[in-house]
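This report refers to the structure that appears directly beneath it.
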Protein chains: 2
Amino acid sequence: MARPRQALLTRERIVEAAAALIDAEGLDACSMRRLATELGVQGPSLYNHFATKAEIVDAVAEAVVAQVDISVFRGNDWREGLRLWAKSYHGVLCAHPNIVPVLATGPGRRPAGLAMAEAVYGALIEAGWSRARATHIGALMRYLITGSAIGSFALGFEADPELYDRFPHLHRAHELAAHRDAVDEGAFELGLDLLINSLSDRYDQGVRR
Amino acid sequence: MARPRQALLTRERIVEAAAALIDAEGLDACSMRRLATELGVQGPSLYNHFATKAEIVDAVAEAVVAQVDISVFRGNDWREGLRLWAKSYHGVLCAHPNIVPVLATGPGRRPAGLAMAEAVYGALIEAGWSRARATHIGALMRYLITGSAIGSFALGFEADPELYDRFPHLHRAHELAAHRDAVDEGAFELGLDLLINSLSDRYDQGVRR
DNA sequence: TGCTTAAACTAGCGGCGTAAGTTTTTACAC
DNA sequence: GTGTAAAAACTTACGCCGCTAGTTTAAGCA
């Protein structure tokens, strides 16, 4: 086949297919040849639309971050804005866990990521936090959100109970997987509560840097 | 060459070389052929000592986790134990950043990781925290520690100032990289302080579940 | 109409993890 | 001592990977 009358590929279609493939089968399954097959096309054709594979994966990451709701900073107290944003971010990452390593590792040049940083940092600055502290708080929230999304704590303990024979306190650790939601969500919510409440206390006491 | 009089490889030597290679040039540089070259050997020879590449990388991760000081839970209050352990863990991950994605993503079947979980969870249980809460606290600490180690927040903003033209609050974000330590360490320490202090408050008020 | 560019193709390079089979040495049973 | 099995290196090779180069044909425009 040479150039078709109607283009078979667009950047948008490629990103959509890549996102679906990563969601369904993981980052490793998303090879150029496989992705092309999914789109009914030969592997190298993708290079007419993206220069490298990394650009495609980056675009998927960008599309995921763009789903986070940053409108919550408008019309809400900084505390409530932070909480709602964190929950939205957390929810989006939980819905697309396979892309999280890309988000957590890579640099932040993506527009949606910058827009998010602007919203978070801006809200904190406008609330009166010092620049240094606002930066710390933004970084800290990122640590909690990406840290909780990148690997389930509950699933980290395998089903084989014999593994835990030598560790008396872990003798029921293999049961954690069955309560994955309660464990992982509970830990995230606890962290969010503790961080925002104690920041709120400091703020109310006038300690804003 | 057939079987040499003195074995050229041992599991230990392989893990050491892999750790050095990962530290120096990153996970991607650590291919079987490259690692073998580093050891003066042909690629497939490694399979006489490890079944897969994943086993080698896992052994490197295990060796890194084993460096974390879990003795601090003995002879210290749970608060102080938690703080000292977290700092040790954080320090070890900062010293070997390239292996962090493996630790953060993979399951926790490694002995050193289990021993660490046992120490943390045991200390919290013995202090009187409920099993569910102790699990949450352990997970939460892991989120903070791996989240902060997997990607620098400060380095996430590239040097090109023009990127930030559209984001008024970020107009100096490119300067963050120069203060990387203050930013990343400051955020981690802030998180640690906030979490442990607020857990301590709850504990002192008798809220232990 | 003719020229340039775009978007598909095929062929192929070097690298990857790993399987299979070979050679030689070591370790141990008789 | 000798025969045998296992161990630890080797070579070769398979199928995948990201990506490059060159080809073909259609689209868009002067």
Side-chain angles (χ1 to χ4, degrees), chain A residues 1-62 98-99 101-102 105-107 109, chain B residues 1-62 98-99 101-102 105-107 109:
Chain A
M1 193 196 313
R3 174 171 182 173
R5 288 151 198 276
Q6 175 72 19
L8 303 177
L9 299 176
T10 62
R11 285 176 69 97
E12 204 180 17
R13 249 172 56 76
I14 293 171
V15 172
E16 271 172 28
L21 188 50
I22 290 171
D23 279 347
E25 304 187 33
L27 266 177
D28 289 347
C30 186
S31 72
M32 293 301 266
R33 286 170 175 86
R34 173 68 195 279
L35 176 57
T37 300
E38 220 69 34
L39 288 158
V41 126
Q42 297 297 318
S45 299
L46 297 169
Y47 289 95
N48 286 310
H49 302 268
F50 288 92
T52 64
K53 178 185 175 178
E55 274 188 17
I56 298 179
V57 175
D58 252 40
V60 172
E62 165 76 5
N98 295 336
I99 197 72
V102 176
T105 307
R109 85 189 81 154
Chain B
M1 190 195 313
R3 174 172 181 170
R5 289 148 198 278
Q6 175 72 21
L8 303 178
L9 299 177
T10 62
R11 285 176 67 97
E12 204 179 17
R13 250 173 52 75
I14 292 171
V15 173
E16 272 171 29
L21 188 51
I22 290 170
D23 278 347
E25 305 187 32
L27 267 177
D28 290 347
C30 186
S31 73
M32 294 300 267
R33 287 170 175 85
R34 172 68 193 280
L35 176 56
T37 300
E38 219 71 32
L39 287 158
V41 124
Q42 297 298 318
S45 299
L46 297 168
Y47 289 94
N48 286 311
H49 302 268
F50 287 91
T52 64
K53 177 184 175 179
E55 274 189 17
I56 298 179
V57 175
D58 251 40
V60 173
E62 166 77 6
N98 294 337
I99 197 72
V102 177
T105 307
R109 81 188 84 154

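Numbers restart at 1 for each chain; the letters A, B, ... are given by sequence-line order, proteins then strands.
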Rounded to whole Å, CG of A:L9 lies from P of C:dC9 at a distance of 8 Å

Picking from C:dA20, D:dA9, D:dA26, the nucleotide nearest the side-chain atoms of B:L8 would be D:dA9

Rounded to whole Å, NZ of A:K53 lies from P of D:dG18 at a distance of 4 Å

Whole-Å distance, A:L21 CG to D:dC17 P, equals 11 Å

To the nearest angstrom, the CG-P distance between B:L27 and C:dG17 comes to 12 Å

Answer with yes or no whether B:R33 presents, from its side chain, a donor or acceptor under 3.5 Å of a partner atom in the base of C:dG15. no

Indicate, with a heavy-atom threshold strictly under 4.0 Å, whether A:P4 touches base, sugar-phosphate, or nothing. sugar-phosphate

In this structure, OG1 of B:T52 is separated from CG of B:D58 (nearest 0.5 Å) by 8.0 Å

_Let's go through A:I14 and A:L46 carefully: what are the C-alpha distance in whole Å and the side-chain angles of both, what is the deciding distance for side chain to side chain contact (heavy atoms under 4.5 Å, CB included) to 0.1 Å, and is it a yes or a no?_
CA-CA 8 Å; A:I14 293 171; A:L46 297 169; 3.8 Å; yes

Taking D:dA9, D:dG18, C:dT18 as options, the one with an atom nearest any side-chain atom of B:S45 is D:dA9

Picking from D:dA9, D:dC19, C:dC16, the nucleotide nearest the side-chain atoms of B:S31 would be C:dC16

message = Looking at the base of D:dA7, is there any donor atom on it, or on the side chain of B:N48, that sits under 3.5 Å from an acceptor on the other one?
response = no

Testing D:dT20, D:dA27, C:dC9 for proximity to the side chain of A:R5, the answer is D:dA27

Closest to the side chain of B:A7, out of D:dG18, D:dA9, D:dT11, is D:dA9

* With respect to the phosphate group of D:dA7, does any side-chain polar atom (N or O) of B:H49 fall under 4.0 Å of OP1 or OP2? -> no

Of the listed C:dA8, D:dC17, D:dT12, the closest approach to the B:P44 side chain comes from D:dT12

